[in-house]
Amino acid sequence: MQHLVDTDNFSDVQITQLLSDAKRFKAKRPPQLLHDKLLITLFFEASTRTRSSFEVAAKRLGAAVVHLDPSRSSSKKGESLEDTFANLCAMEPDGVIIRHAENETPQRLADMQTTPVINAGAGNYAHPTQALLDLFTIVEHFDGDIKGKTIAIVGDIVSSRVAASGIRLLERMGLNVLLVAPKQFMPEPSSLNKALPQYEKLEDVMDKVDVIMSLRAQLERHETELFENYDDYAKQYCISKERMGNRDILVLHPGPVMRNIDISDDMLSDPRCKVLTQVKNGVYMRMAILKLLLLDS
Ligand code: CP
């Protein structure tokens, strides 16, 4: 039984297959490959993109989807997460897609070996489907020529599961990863697989990068007050047309975007910014992931 807790669950061959299937599905909608499958989604944290993208992906492939809303479930009556999961598994779904605030939850449920577990975001540890759709968007943009390209991840890196999974996957795929953030948003080098170049000023990397991945500033997650308000943060880290100049840099953001804090209004409507392409590609990549986990494994 194969799970997706983080992208290291997939071999290089499987990642190549995912990229190829996602590209194929985007070019031509596939037949209902998963018409006899049923997935359950269990989101303990809010989501716009990931939950709806999984549902669209599953339905495009003919699978049925059942949502359990944890705020109206028996977890409110004290049922443990493991018992909730075991009860859902007793209904024989073909997979459970889970988002949870704790880093370890998807692995703990995967270890029960009752149904494939798909991590839709866990704490600040991993968001593998976001990393894979970001990789697909970068591969598509550079027509496959990604080895040696340089990406700057900008913003609240320490709080970000998107950054955590992205760093691991993009490095593995041969990109150079730079981190740009104020000190308190920067992860400890010991928490990374290897020390990555760290910068405090965005201006210091603008002429070195092919891709910028902006992250949502999550000032509320930090105990120390770094900035008096979001405007002060934006002055240093907002990706604006003025900062970009005429540089040919691909701009990404996993969403939700805080307009004029993470990325400016004018940059969001600039063709170099592919935020909505990421969302579109997310459906095709999740279709490829569901096919791999439910049909090919
Ligand atoms: N990118 C992402 O995980 O967005 P949601 O929180 O809306 O799912």
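Keep in mind that this is a model prediction, so the values were computed, not measured. We count ligands from 1, going down the list as the structure has it; atoms in each ligand are counted the same way. Every heavy atom of this structure was used, including side-chain atoms; hydrogens, water molecules and symmetry mates were not.
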salt_bridge([X], [Y]) N-O dist < 4.0 Å:
X	Y	result
Lys208	Asp204	no
Glu140	Lys280	no
Arg168	Asp8	no

Contact residues of ligand 1, where a non-hydrogen atom lies under 4.0 Å away | Ser47, Thr48, Arg49, Thr50, Arg99, His127, Gln130, Pro254, Gly255
Who pairs with Gln278 by side-chain hydrogen bond (donor to acceptor under 3.5 Å, both in side chains), at least two apart in sequence or on another chain?
-> Asp134
Which ILVMFWY residues are connected to Val5, directly or by a chain of links, through side-chain heavy atoms under 4.5 Å apart?
-> Tyr125
Residues passing the ring pair (Phe, Tyr, Trp, His ring centres under 6.0 Å) test with Tyr237, sequence neighbours excluded, are Tyr233
